[in-house]
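To start, the structure itself, in structure tokens.
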Amino acid sequence: MREFRKKQKKLKKVMNFAVIFGAVFFLVYIGVSTYIAAANAVAATICSYFCDFLVIAILVIVFLYYSKYGKSDSFLTYIEYEISDAGYYITSKEETDVNSYINSMYEDLKNCSFSAGRNINCGDFDFAVRAFKRKEFFYIADIEDVNRNDVLAYLDTLINDLTVKNLKRKGNAVLCIVTDNAQDDAIALSKMITPLGRKEQLKIAICIVEASSRKVYFLGNFESKCKQLIANFAMNCEVPIKEQYIGKESLPFQAELEEKMKSFNIKDFKNGNFFVH
């Protein structure tokens, strides 16, 4: 992945330089083209040909960049954040049992003008809390011993409820799972961001709160509205998160993810044959 990113960044620098140079050149040329034509017809013809060449060259560079790297850029950015993030965060809330923790978050959401409901049935699963405010959505699930399958099942249910039943297409959503015990395979999903829409208009973040240990697992080094929602309601702290609430150790799955990304190649990614979670 690192070699791939190096090549990507080099081509991006070339593309940015070409676009900026082209924009400046055309602005200057528009201002002086009349004088050049009046002074020397040959020079005017050469400048005209150069403009055509420059336009084609810029289009080729932009096409090369987005055809090769466009689809992978967002994906790799999220992965880099997952690998470099702190393993976990520490809540400032004092509650250490699941029900009290959920009750506290529910009251906080209501106090911040969220339209919040309790024990909401969404198909095959129930959410302890579902809260909406404009383009901000917060779902809370109560699972005693959460594993990977639980996270994926509740995430699918959230997406269906949000996009199909409630017709929400833009905004930021959080799936917060409050538990007594989070298994390693569930924690490995906690730093995953799920973007929906061609322009990622809807982003869904996963947050796992282990009430008994006061640990909160989520992607905390990526600046987003989802991070702010999690910090405010799941941790009861402000953004930026203070050092006292940041765990100092990384988790085993982050090292495993970094090792797996060494085999990343664009062909498998485009064909849908490269999976990390």
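These numbers come from the heavy atoms of this one structure, side chains and all, not from hydrogens, waters or symmetry mates. Residue numbers count from 1 along this sequence.
Listed by chain and residue number, nothing satisfies the salt bridge (Lys or Arg N to Asp or Glu O under 4.0 Å) test with Asp150 (two or more places apart in sequence, or in another chain). Residues that satisfy the side-chain hydrogen bond (donor to acceptor under 3.5 Å, both in side chains) test with Ser100, not counting sequence neighbours, are Asp97.
Without hydrogens or angle criteria, Thr45 side chain to Ala41 main chain gives a donor-acceptor distance under 3.5 Å. Of the possible polar contacts, none joining the Glu107 side chain to the Ser104 backbone as a donor-acceptor pair under 3.5 Å is found. A distance-only check finds a donor-acceptor pair linking the side chain of Ser92 to the backbone of Met235 [under 3.5 Å].
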After noting the C-alpha distance and the side-chain angles of Glu95 and Arg214, does the key distance pass the salt bridge (Lys or Arg N to Asp or Glu O under 4.0 Å) rule?
CA-CA 8 Å; Glu95 294 80 6; Arg214 303 184 69 243; over 6 Å; no
Begin with the C-alpha distance, continue with both residues' side-chain angles, and end with the deciding distance and a verdict on side-chain contact (heavy atoms from CB on, under 4.5 Å) for Lys227 and Leu219.
CA-CA 7 Å; Lys227 173 185 175 178; Leu219 187 62; over 6 Å; no
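Both Ile177 and Ile159 belong to a single network of hydrophobic side chains, linked directly or stepwise wherever heavy atoms of I, L, V, M, F, W or Y lie under 4.5 Å apart. Cluster annotation: Leu229 and Val216 are assigned to the same hydrophobic cluster (Ile/Leu/Val/Met/Phe/Trp/Tyr, side-chain heavy-atom contacts under 4.5 Å, transitive). Val209 and Ile187 sit in two unconnected hydrophobic clusters of ILVMFWY residues. Membership requires side-chain heavy atoms under 4.5 Å apart, directly or through other members.
By the 6.0 Å contact criterion, NZ on Lys248 is enclosed, its count of non-hydrogen atoms from other residues, nucleotides or ligands being greater than 12. Around the CG atom of Asp145, the shell of radius 6.0 Å holds more than 12 heavy atoms that belong to other residues, nucleotides or ligands. Around the CZ atom of Phe26, the shell of radius 6.0 Å holds more than 12 heavy atoms that belong to other residues, nucleotides or ligands. The environment of CZ in Phe63 is sparse: at most 12 heavy-atom neighbours from other residues, nucleotides or ligands sit within 6.0 Å. In this structure, Glu200 places its CD atom where more than 12 heavy-atom neighbours from other residues, nucleotides or ligands lie under 6.0 Å away.
Smallest separation of non-hydrogen atoms from Ala231 and Val239: CB-CG2, 3.6 Å. When all heavy atoms of Ile90 and Gln244 are compared, the pair lying nearest together is CD1-O, 4.1 Å. The two residues Met192 and Glu82 come nearest to each other via the heavy atoms CA-OE2, 4.1 Å. Heavy atoms only, all atoms of each residue included: Ala86 and Ile246 are closest at CB-CG2, 3.6 Å. In this structure, Pro195 and Ile193 approach most closely via the heavy-atom pair CD-O, 3.2 Å. A pairwise comparison of heavy atoms in Asp85 and Lys191 identifies OD2-NZ, 2.8 Å as the closest pair.
Expressed to the nearest 0.5 Å, how far OG1 of Thr194 lies from CD1 of Ile206 amounts to 5.5 Å. How far CD1 of Ile83 is from CG of Asn221: 11.0 Å, rounded to the nearest 0.5 Å. The structure places OH of Tyr89 at 11.5 Å from SG of Cys207, a figure rounded to the nearest 0.5 Å. One finds the NZ atom of Lys93 at 10.0 Å from the SG atom of Cys237 (value rounded to the nearest 0.5 Å). The CG atom of Leu109 sits 10.0 Å away from the CG atom of Asn232 when rounded to the nearest 0.5 Å.
Pairs engaging residues 168-180 under the side-chain hydrogen bond (donor to acceptor under 3.5 Å, both in side chains) rule: none recorded [sequence neighbours left out]. Applying the ring pair (Phe, Tyr, Trp, His ring centres under 6.0 Å) test to residues at least two apart or on different chains, the pairs with a partner in residues 93-119 are Phe114-Phe233. Contacts classified as side-chain hydrogen bond (donor to acceptor under 3.5 Å, both in side chains) and involving residues 10-33 (residues at least two apart or in different chains) are not found.
Using bins of under 30°, 30° to 60° and over 60° for the plane-to-plane angle, the ring pair Phe25/Phe21 lands in the parallel bin.
The side-chain heavy atoms of Leu189 and Ile208, taken from C-beta on, include no pair separated by under 4.5 Å.
In summary, the side chains of Glu210 and Ser213 do present a donor paired with an acceptor at a separation below 3.5 Å, with no hydrogens or angles considered. Side chains of Thr91 and Asn236: no donor on one and acceptor on the other come within 3.5 Å.
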Pairs of donor and acceptor atoms involving the side chains of residues 118-139, under 3.5 Å and at least two apart or interchain, shall be tabulated with distances.
from	atom 1	to	atom 2	distance (Å)
Arg118	NE	Ala128	O	3.1
Arg118	NH1	Asn103	OD1	3.1
Arg118	NH2	Asn103	OD1	3.3
Asn121	ND2	Gly123	O	3.4
Asn121	ND2	Asp126	OD1	2.7
Arg130	NH1	Asp161	OD1	3.2
Arg130	NH1	Asp161	OD2	3.1
Lys133	NZ	Cys112	O	2.9
Glu136	OE2	Lys225	NZ	3.2
Tyr139	OH	Asp161	OD2	2.6

